Amino acid sequence: RWCRNKGISLFSRCDRLTRSILQEALFWCFLGFMGANACACYLYIKGTPYTPDGLTAMQLFYAGYLIELTLSLDNLFAFYLIFKSVSQSP
């Protein structure tokens with residue numbers, strides 16, 4: 001952490017700020033996850049015009065959601081390698 005490099009103790013304002021940023025990030029991740037599950041439940045109940053069966057619509061949604069999630073993790077790894085190759089901290 002950048003706070004430790006400046007000689008600030010663990011119980012300083014900087015550490016509380018770092019924890020609050022982490023809590024906010026986890027909150028938004030949880031909110032996005034719950035929103036995706038709400039969308040899947042809606043598809044299970046209503047279906048779509050192309051797949052009136054709710055179960056099939058929900059399975060297709062989750063398949064697409066997992067593909068997008070894995071591709072976003074792949075992008076994070078690619079950015080990490082780019083930053084590492086130019087000796088910049090991410």
Side-chain angles (χ1 to χ4, degrees):
R1 289 185 183 144
W2 64 273
C3 297
R4 290 184 186 159
N5 295 336
K6 295 183 179 182
I8 300 173
S9 70
L10 291 175
F11 301 107
S12 68
R13 180 179 180 271
C14 184
D15 190 52
R16 287 192 306 266
L17 179 65
T18 304
R19 274 189 273 139
S20 69
I21 290 171
L22 179 64
Q23 287 174 345
E24 184 177 353
L26 289 175
F27 169 75
W28 285 109
C29 288
F30 178 75
L31 192 66
F33 178 73
M34 293 307 292
N37 283 324
C39 183
C41 289
Y42 176 79
L43 288 173
Y44 181 72
I45 294 169
K46 296 288 185 179
T48 65
Y50 300 109
T51 55
D53 177 31
L55 183 62
T56 305
M58 185 182 71
Q59 289 172 346
L60 290 173
F61 173 79
Y62 274 129
Y65 182 78
L66 289 175
I67 288 172
E68 289 295 326
L69 185 64
T70 56
L71 288 175
S72 68
L73 291 175
D74 180 43
N75 286 340
L76 285 175
F77 181 68
F79 278 116
Y80 170 75
L81 289 178
I82 290 170
F83 281 123
K84 188 176 179 181
S85 69
V86 294
S87 300
Q88 297 289 326
S89 61

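Since this is a predicted model, take the numbers as computed values, not measurements.
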Undergrad: Near Y62 OH, under 6.0 Å, is it more than 12 heavy atoms from other residues, nucleotides or ligands?
TA: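 Yes, enclosed.
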Undergrad: Considering all heavy atoms of both residues, which atom of G47 and which atom of A57 are nearest to each other, and what is their separation?
TA: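 Heavy atoms only, the tightest pair is CA-CB, 4.3 Å.
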Undergrad: If you measure from OG1 on T70 to CG on N75, what distance do you get to the nearest 0.5 Å?
TA: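 T70 OG1 to N75 CG: 10.0 Å, rounded to 0.5 Å.
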Undergrad: With rounding to the nearest 0.5 angstrom, report the CG to CG distance, L55 to L43.
TA: 11.5 Å
Undergrad: List the atom of A36, the atom of F61, and the distance in Å for their closest heavy-atom pair.
TA: O-CE2, 3.2 Å
Undergrad: Find the distance between CG (L22) and CG (L26) and round it off to the nearest 0.5 Å.
TA: 4.5 Å
Undergrad: How long is the span from the CG atom in L76 to the CG atom in L81, to the nearest 0.5 Å?
TA: 11.0 Å
Undergrad: What distance do I45 atom CD1 and M58 atom CE have between them, rounded to the nearest 0.5 Å?
TA: 10.5 Å
Undergrad: Any idea which heavy atoms bring G32 and Y65 closest together, and the distance?
TA: O-OH, 4.3 Å
Undergrad: Once rounded to the nearest 0.5 Å, what's the spacing between atom SG of C39 and atom CE of M34?
TA: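 So the SG of C39 and the CE of M34 are separated by 13.0 Å.
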